[in-house]
Engineer: 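Provided herewith is a single structure, encoded as structure tokens, for subsequent inquiry.
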Amino acid sequence: MKTLCLGCMKEYEGDYNVCPHCGYEQSSPAKEAYHIAPGVTIRGRYIIGRVLGFGGFGITYIGFDTTLQHRVAIKEYFPSEFATRMPHETQVRIYAGEKKEQFVAGMKKTLDEAKRLAEFHQVPGITQIYDFFEENNTAYIVMELLEGDTLKARLKKVGKMPVEEALPIILAVIAALKEVHAKDIIHRDISPDNIYLLENGQVKLLDFGAARQVTTTHSKSLTVILKLGYAPVEQYQSGGNQGPWTDVYSLAATFYKMITGIRPPESPERRVKDTLKEPSKLGVAIEKNIENALMNALQVRIMDRTKSAEEFEKALSSQHVKRTTATVEKNDMGQWPLWLKALCGAAGAAVLVFGILLMTGVIDSPLPKLPGFEKRENTVWMPSLVNMSQSDARERLESMGLVCEIGGTQASETIMEGYVLGQVDEQDNEIMPGTQVENGTRIRLVISSGSGRTAVPDVVWMTEENAVALLKEQGLIAVNTETDDESWAPSGMVTGISPDRDTEIELDELITLRIASGNQNPGSGETQVPDITGSLEQEGLEKAKAAGLFLEKEGLEYNREVPKGQIFAQSPAGGSKENKGGIIKIKISLGAKQVQVMSVLNQEREEAVSNLEQIGLVVTVQEEYHDSVEEGRVISQSVEPGLVDEGTELTITVSLGREPERPTQGRNTGAGGNQQNERRPAGNAPAAGGSQSAPAGQNPPPVNNPPVQETPAPPPPAPTPAPDPGRDSDFDRLQ
């Protein structure tokens, strides 16, 4: 029999779990909890495989088109700020309110742009679009599967390229841009990440920025979404004048990076003081006309910059390209009278002569020296790090001879989560850009975070890389590390975390990981692997240590049958032989899965049942009359909002509306006057009509008059109609 590999989408003979083509294990789970599990089919024809890549706006899977029998790439619209997905589900849950509007606007723009890009199927430099559609509350684009590497990955290997090798790549991208610009489509995100070099030598331009543009337009927290060094000044401005010239700047910045190995300074910094050096001054062998064409395309101001892809292409191929002079911003000097200009000129000359005399020591200054006016030795000017990623800010500081550390986090409405919000010294005093600081000064970065709380995940005995990834997935982004020389663990293993695991904390709290230095000596020779399944983590560690082996936590899984914290799988198996210093990879049970119960009060019956069942609860419905809650809506729920085990039974009480009045004939009160037992529906509202009822199992009290025959109670009302899907409800926040 033949098996279709979900890692490379190639067939192989037999039912082996490991693909002989790519080594992918067929039983591998989704890379992240919110990714679609490999093997799921969408639109009835496309099989989802492993994840090829993902970011803040989408997830790209390898796929297989069962109709046309060929491999494809499937991009799922998934802006993580506006939506989420529960593990083992395919439906996307969209957050409520403004975020829902932003999600829908971005999805519409993505589909519109996919439709327009599909028209360019004959343009070699643009990825072919095969299909696009809505499903699972989101949008999908099915496109050509590319095999090769990104320009970013190529540059990481080679550092930089000769101009002769880089220029054909740039010209190929220009050819693609000319086609899309003619249809009023702007890429907005050109950088080495989004240029793909195929194995056959072709060049493809990836990832047009339609969704980013929509969310940037609507979102407060996504005010600036750009790649530093590659984005022109208009992309830093709300409502900036973007056009083909925007892509020209980004492509020129990419060309500059390719041939120099250096990313250009950020465009807003260049506007204040342009420190961009010509490639020839950095030792690059480049023709003068090509260098002029490049520098003209990198002009900060739009009025000075190359305006179109066609113009850039022509300049790169021309033998006579003049260097554009940067426009100096006008001031009001031009409107001064001629006599005042002359006077200022004379005064300026006098000041210049005075300055020369001061510097040469001919005269002494009558003014005190201003501290900080001149740059001191062994100091640097502090740059602005706001809105940089943590890695970029750290790289910038370290390149200047400064020390970087994380100084905590703070909520922000304007700076994206995980990006730098501020820069302070060791006493938490703000350091303004332009301040002179001593070489070696410790600069602390304040990181932007969202709001809310989370439980500290169990990352002890994970590798540092896996631990940091899990922390970020939980929204914990401010992470420091410290070295641990004592714990029994190999180098790079997390041996402790502060605050402790399972502690509920604010998302902006600083996390400290203790990382093993690997100083422990496990000895040499062969040893027998102990069976540690069924043991608690600490007990398993002690058994591994006694055998000269280390532990690595490979995964955490929910398991109703295994108590929380207990080891339920290990590799290699107990009893096998292993060299001392080897690692036993273990899986730990998280116990029964916990789900977050939401309030469904006042929701429509079917809507409430659906919402609760979707998160894994077992729902029972009971009904009763209620004076103040509309018929068909939830009066109460037996489990309050909070964390409970998946599969927990929950009862909701649904209103039947007001209880119908029961006509009576000459009802008299018994001895004792008006005393009566009254049945009250939920909410302690009195029953309609105030009818009497005797306690269960008792006879009615004696009365003086003959008993009156009562009319039987009417039958219950018809079933509640289905809820209006257009109605707003609390569940919109997760729908």
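Here, residue 1 is the first one in the sequence, and each next residue gets the next number.
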Engineer: Calculate, to the nearest 0.5 Å, the distance between atoms CG and CD belonging to Leu251 and Glu313 respectively.
Structural biologist: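 One gets 11.0 Å once the value is rounded to the nearest 0.5 Å.
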Engineer: Are more than 12 heavy atoms from other residues, nucleotides or ligands located less than 6.0 Å from atom NZ of Lys593?
Structural biologist: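 Check passes, neighbour count above 12.
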Engineer: If we ignore hydrogens and angles and just use 3.5 Å, is the side chain of Arg501 paired with the main-chain N or O of Asp458 as donor and acceptor?
Structural biologist: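 Between the backbone of Asp458 and the side chain of Arg501 there is no qualifying donor-acceptor contact (under 3.5 Å).
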Engineer: Do NZ/NE/NH1/NH2 and the carboxylate oxygens of Glu89 and Arg93 come within less than 4.0 Å?
Structural biologist: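 Salt bridge between Glu89 and Arg93, a charged N being under 4.0 Å from a carboxylate O: yes.
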Engineer: Quick one: does Gln128's side chain get under 4.5 Å of Met143's, heavy atoms only?
Structural biologist: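 Side-chain contact under 4.5 Å: no.
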Engineer: Any donor-acceptor pair under 3.5 Å linking the side-chain atoms of Asn136 with those of Thr138?
Structural biologist: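 Per modelled atom types, Thr138 and Asn136 side chains form no pair under 3.5 Å.
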Engineer: Who are the salt bridge (Lys or Arg N to Asp or Glu O under 4.0 Å) partners of Glu464, not counting sequence neighbours?
Structural biologist: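 Result, salt bridge (Lys or Arg N to Asp or Glu O under 4.0 Å) vs Glu464: none returned.
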Engineer: Check this for me: does any side-chain nitrogen of one of Arg396 and Glu266 sit under 4.0 Å from a carboxylate oxygen of the other?
Structural biologist: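 Counted as a salt bridge, because a side-chain N and a carboxylate O are separated by less than 4.0 Å.
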Engineer: Between Glu310 and Lys178, does at least one N-O distance fall below 4.0 Å, as a salt bridge requires?
Structural biologist: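 Lys178 and Glu310: not salt-bridged.
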Engineer: Going by ring-ring contact (aromatic ring centres under 6.0 Å, His included), name the residues that satisfy it together with Tyr196, two or more places apart in sequence or in a different chain.
Structural biologist: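 If we apply the ring-ring contact (aromatic ring centres under 6.0 Å, His included) test to Tyr196, skipping adjacent residues, there are no hits.
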Engineer: Could you work out, with ring-ring contact (aromatic ring centres under 6.0 Å, His included) as the rule, every residue matching Tyr130, not counting sequence neighbours?
Structural biologist: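 Checked Tyr130 against ring-ring contact (aromatic ring centres under 6.0 Å, His included); matches are His70.
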Engineer: What's the shortest heavy-atom distance between Ile74 and Gly63, and which atoms?
Structural biologist: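 Closest approach of Ile74 to Gly63, heavy atoms only: CD1-CA, 3.9 Å.
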Engineer: The criterion is side chain to side chain contact (heavy atoms under 4.5 Å, CB included); which residues satisfy it with Asp184, sequence neighbours excluded?
Structural biologist: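 Here the qualifying residues are Arg116.
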Engineer: What closest approach, in Å, do Gly44 and Thr66 show between heavy atoms, and which atom pair accounts for it?
Structural biologist: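 Shortest heavy-atom contact: O-OG1, 4.4 Å.
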Engineer: Using a strict threshold of under 4.0 Å (side-chain N to carboxylate O), is an ion pair present between Arg188 and Asp247?
Structural biologist: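 The answer is no: the pair does not qualify as a salt bridge.
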Engineer: Could you tell me if the side chain of Val424 sits less than 4.5 Å from the side chain of Val446, heavy atoms only?
Structural biologist: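 Yes, their side chains come closer than 4.5 Å.
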Engineer: For Tyr61, give me all partners under ring-ring contact (aromatic ring centres under 6.0 Å, His included), at least two apart in sequence or on another chain.
Structural biologist: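 Partners of Tyr61 by the ring-ring contact (aromatic ring centres under 6.0 Å, His included) criterion come out as none, since no residue qualifies.
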Engineer: List the atom of Glu144, the atom of Ile126, and the distance in Å for their closest heavy-atom pair.
Structural biologist: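 Looks like OE1-O, 4.4 Å.
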Engineer: Using side chain to side chain contact (heavy atoms under 4.5 Å, CB included) as the criterion, list what pairs up with Val494, not counting sequence neighbours.
Structural biologist: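 For Val494, the residues satisfying side chain to side chain contact (heavy atoms under 4.5 Å, CB included) (neighbours in sequence not counted) are Val459, Ala467, Leu513, Ile515.
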Engineer: Is there side-chain contact between Ile141 and Ile129, with heavy atoms separated by less than 4.5 Å?
Structural biologist: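 Yes - at least one pair of side-chain heavy atoms lies under 4.5 Å apart.
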Engineer: Between Tyr77 and Phe103, how do the two ring planes meet: parallel, tilted or perpendicular, split at 30° and 60°?
Structural biologist: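 Geometry flag for Phe103 against Tyr77: tilted rings.
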Engineer: Is any side-chain heavy atom of Val203 less than 4.5 Å from a side-chain heavy atom of Leu198?
Structural biologist: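 Side-chain contact under 4.5 Å: no.
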Engineer: For Gln235 and Thr246: C-alpha separation, side-chain torsions, deciding distance, then whether side chain to side chain donor-acceptor pair (under 3.5 Å) applies.
Structural biologist: CA-CA 8 Å; Gln235 285 191 288; Thr246 303; over 6 Å; no
Engineer: Does the gap between the ring centers of Tyr230 and Tyr249 come in under 6.0 Å?
Structural biologist: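 No, too far apart.
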Engineer: Going from CD1 on Ile169 to CD1 on Ile174, what distance comes out if it is rounded to the nearest 0.5 angstrom?
Structural biologist: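 The distance works out to 12.5 Å.
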Engineer: Please report the closest heavy-atom contact between Ala37 and Ala30, naming both atoms and the distance.
Structural biologist: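 Looking at all heavy atoms of both residues, the closest pair is CA-CB, 4.1 Å.
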Engineer: For Gln69, is the CD atom crowded, meaning more than 12 foreign heavy atoms sit under 6.0 Å from it?
Structural biologist: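 Enclosed: over 12 neighbouring heavy atoms sit under 6.0 Å from CD of Gln69.
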Engineer: If I compare all heavy atoms of Ala73 with all of Thr60, which pair ends up nearest, and what's the gap?
Structural biologist: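 Heavy-atom minimum between the residues: CB-CG2, 4.3 Å.
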Engineer: Is the shortest heavy-atom distance from the side chain of Asp189 to the side chain of Ser250 under 4.5 Å?
Structural biologist: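 Result no, sub-4.5 Å side-chain heavy-atom pair not found.
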Engineer: Of all residues at least two apart in sequence or in a different chain, which pass the side chain to side chain contact (heavy atoms under 4.5 Å, CB included) check with Lys160?
Structural biologist: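 In terms of side chain to side chain contact (heavy atoms under 4.5 Å, CB included), with neighbours along the sequence ignored, Lys160 is linked to no residue.
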Engineer: Once salt bridge (Lys or Arg N to Asp or Glu O under 4.0 Å) is applied, do any residues pair with Glu311, and if so which ones, sequence neighbours excluded?
Structural biologist: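 Partners of Glu311 under the salt bridge (Lys or Arg N to Asp or Glu O under 4.0 Å) test: none.
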Engineer: Can you name the nearest heavy-atom pair linking Ala297 to Arg305, along with the distance?
Structural biologist: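 Closest heavy-atom pair between Ala297 and Arg305: O-CG, 3.3 Å.
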Engineer: For residues 257-264, which side-chain N or O atoms pair as donor and acceptor with protein atoms under 3.5 Å away, sequence neighbours left out?
Structural biologist:
unit_1	atom_1	unit_2	atom_2	d
Lys257	NZ	Gly261	O	3.4
Thr260	OG1	Tyr256	O	2.6
Thr260	OG1	Ile262	N	3.0
Thr260	OG1	Ile262	O	3.2
Arg263	NE	Leu228	O	3.4

Engineer: With rounding to the nearest 0.5 Å, note down the distance linking OG in Ser267 to CZ in Arg301.
Structural biologist: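 Nearest 0.5 Å value for the OG-CZ distance: 11.5 Å.
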Engineer: Does a side-chain heavy-atom distance below 4.5 Å link Leu421 with Ile447?
Structural biologist: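 No. Closest side-chain heavy atoms not under 4.5 Å.
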Engineer: Can you tell which of Arg154, Lys157, Lys204 makes a salt bridge (charged side-chain N to carboxylate O under 4.0 Å, His left out) with Asp149?
Structural biologist: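 Among the candidates, only Lys157 passes.
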Engineer: Step by step, would you call Gln91 with Asn137 a side chain to side chain donor-acceptor pair (under 3.5 Å)?
Structural biologist: CA-CA 6 Å; Gln91 293 286 319; Asn137 287 338; 3.3 Å; yes
Engineer: Please tell me if the side chains of Leu510 and Ile406 come closer than 4.5 Å, counting only heavy atoms from C-beta onward.
Structural biologist: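 The answer is yes; the side chains approach within 4.5 Å.
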Engineer: Relative to the ring of Phe133, is the ring of Tyr140 parallel (under 30°), tilted (30 to 60°) or perpendicular (over 60°)?
Structural biologist: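 Judged by the thresholds at 30° and 60°, the geometry between Tyr140 and Phe133 is parallel.
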Engineer: Which pairs, with at least one residue in residues 124-136 and sequence neighbours excluded, count as a salt bridge (charged side-chain N to carboxylate O under 4.0 Å, His left out)?
Structural biologist: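 Applying salt bridge (charged side-chain N to carboxylate O under 4.0 Å, His left out) to every pair that reaches into residues 124-136, excluding sequence neighbours, yields Arg43-Asp131.
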Engineer: If we only count heavy atoms from C-beta on, is the Phe54 to His35 side-chain gap below 4.5 Å?
Structural biologist: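 Yes, at least one pair of side-chain atoms sits under 4.5 Å.
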Engineer: Can you confirm whether more than 12 heavy atoms, excluding those of Lys307, are under 6.0 Å from its NZ atom?
Structural biologist: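 It does: Lys307 NZ has more than 12 such atoms within range.
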Engineer: First locate atom NZ of Lys109, then atom CG of Asp112, and finally report the distance between them rounded to the nearest 0.5 Å.
Structural biologist: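 Here the interatomic distance stands at 7.0 Å.
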Engineer: Just do the side-chain contact (heavy atoms from CB on, under 4.5 Å) check on Val180 and Phe120 with the steps written out, would you?
Structural biologist: CA-CA 8 Å; Val180 296; Phe120 301 104; 4.0 Å; yes
Engineer: Measuring from Glu76:CD to Ile59:CD1, what's the distance to the nearest 0.5 Å?
Structural biologist: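 It comes to 5.0 Å.
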Engineer: For Asn466 and Thr463, test the side chains for any donor-to-acceptor distance below 3.5 angstrom and give the result as yes or no.
Structural biologist: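 Looking only at side-chain atoms, Thr463 and Asn466 do form a donor-acceptor pair, the distance falling under 3.5 Å.
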Engineer: Got a sec, which residues hit side chain to side chain contact (heavy atoms under 4.5 Å, CB included) with Glu398, two or more places apart in sequence or on another chain?
Structural biologist: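 Expected list: Arg394.
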Engineer: Strictly distance-based, threshold 3.5 Å: is any side-chain N or O of Arg270 a donor or acceptor partner for the main-chain N or O of Val300?
Structural biologist: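 A pair under 3.5 Å: no.
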Engineer: Let me see the working for Thr84 and Tyr95 under side-chain contact (heavy atoms from CB on, under 4.5 Å), right down to the final yes or no.
Structural biologist: CA-CA 8 Å; Thr84 188; Tyr95 299 133; 3.5 Å; yes
Engineer: Test of understanding: with ring-ring contact (aromatic ring centres under 6.0 Å, His included), list the residues that count as partners of His181, not counting sequence neighbours.
Structural biologist: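 Checked His181 against ring-ring contact (aromatic ring centres under 6.0 Å, His included); zero matches.
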Engineer: Looking at CZ of Arg85 and OG1 of Thr90, how far apart are the two atoms once the value is rounded to the nearest 0.5 Å?
Structural biologist: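 Those atoms lie 7.0 Å apart.
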